[in-house]
Amino acid sequence: MAQDRVAKVLRVGVIHNGKILDEQIFRKAETIFVGDSEKSHFVVPSSSLPSRFPIFYFRSGRYELVLMKNMTGKVFLKGKVIDIEDVIKKGMLKKRGNAFILPLSQDSRGKVMVGSAIVLFQFIVPPPKAP
């Protein structure tokens, strides 16, 4: 018997100074912001970003990872590990303004350094809602 395929949801966590600051599961697809503004989903101390930066941009039914030149990290995408610095330096990503765009898929996961914070993400099968 075939199982119904369940759409995965985005899970994001932020670590700063070795401590987990926040973790959220986004059941509803939306653009996710980081920055030092309280209007951001994740408050991240960083002088190199705008006060509200769209790190995960949701567009046309898909997420895109939005990167800046000063960001580092690794992303697992389509069975390969991608070094963020390398793909930016080699010009392999689409550019939008000052940012670089990396389209994500449901198997993507990764670790991105944003200022002094680490943003971890993965797509997961949504856990059951609490009663």
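Everything numeric here is computed off the predicted structure, so don't read it as measured data.
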Applying the 4.5 Å side-chain criterion to the ILVMFWY set and letting contacts propagate, would [X] and [Y] be lumped into a single cluster?
X: V114; Y: F53; answer: yes
X: F100; Y: M71; answer: yes
X: M68; Y: F33; answer: no
X: M92; Y: L67; answer: yes
X: F56; Y: V34; answer: yes

Quick one: does [X]'s side chain have a donor or acceptor within less than 3.5 Å of a partner on [Y]'s backbone?
X: Q24; Y: H41; result: yes
X: R62; Y: P103; result: no
X: T31; Y: F58; result: yes
X: Q122; Y: R11; result: no
X: Y63; Y: E30; result: yes

>> Could you go through D107 and F123, starting from their C-alpha distance and side-chain angles, then the distance that decides it, and tell me whether this counts as side chain to side chain contact (heavy atoms under 4.5 Å, CB included)?
In response: CA-CA 6 Å; D107 71 335; F123 289 90; over 6 Å; no
> How far apart are the C-alpha atoms of V87 and L93, what are their side-chain angles, what is the distance that settles it, and do they pass the side chain to side chain contact (heavy atoms under 4.5 Å, CB included) test?
Replying inline: CA-CA 7 Å; V87 294; L93 299 180; 3.8 Å; yes
> Between R96 and E64, is the closest basic N to carboxylate O distance under 4.0 Å?
Replying inline: yes
Measure the spacing between [atom1] of [X] and [atom2] of [Y] and express it to the nearest 0.5 Å.
X: D36; Y: L49; atom1: CG; atom2: CG; value: 8.5 Å
X: S108; Y: L65; atom1: OG; atom2: CG; value: 9.0 Å
X: I118; Y: M113; atom1: CD1; atom2: CE; value: 4.5 Å
X: K111; Y: I84; atom1: NZ; atom2: CD1; value: 10.5 Å
X: L10; Y: F121; atom1: CG; atom2: CZ; value: 7.5 Å
X: L120; Y: R109; atom1: CG; atom2: CZ; value: 12.0 Å

If you look at every heavy atom in [X] and [Y], which pair is closest and at what distance?
X: S105; Y: L77; answer: OG-CD1, 3.5 Å
X: K8; Y: V125; answer: CG-N, 4.1 Å
X: I88; Y: K69; answer: CG2-CG, 4.2 Å
X: P127; Y: I25; answer: CG-CD1, 3.9 Å
X: V66; Y: Y57; answer: CG2-CB, 3.8 Å
X: G35; Y: S40; answer: N-OG, 3.6 Å

>> Between I32 and F26, does the side chain to side chain contact (heavy atoms under 4.5 Å, CB included) criterion hold? Intermediate values first, please.
In response: CA-CA 9 Å; I32 301 176; F26 295 90; 3.5 Å; yes
> Got a sec: does the CG of N98 have more than 12 other heavy atoms crowding it under 6.0 Å?
Replying inline: no
> In this structure, are over 12 heavy atoms from other groups packed under 6.0 Å from I20 atom CD1?
Replying inline: no
> Is there side-chain contact between F42 and V119, with at least one heavy-atom pair below 4.5 Å?
Replying inline: no
> Do the non-hydrogen side-chain atoms of V44 and V14 ever get within less than 4.5 Å of each other?
Replying inline: yes
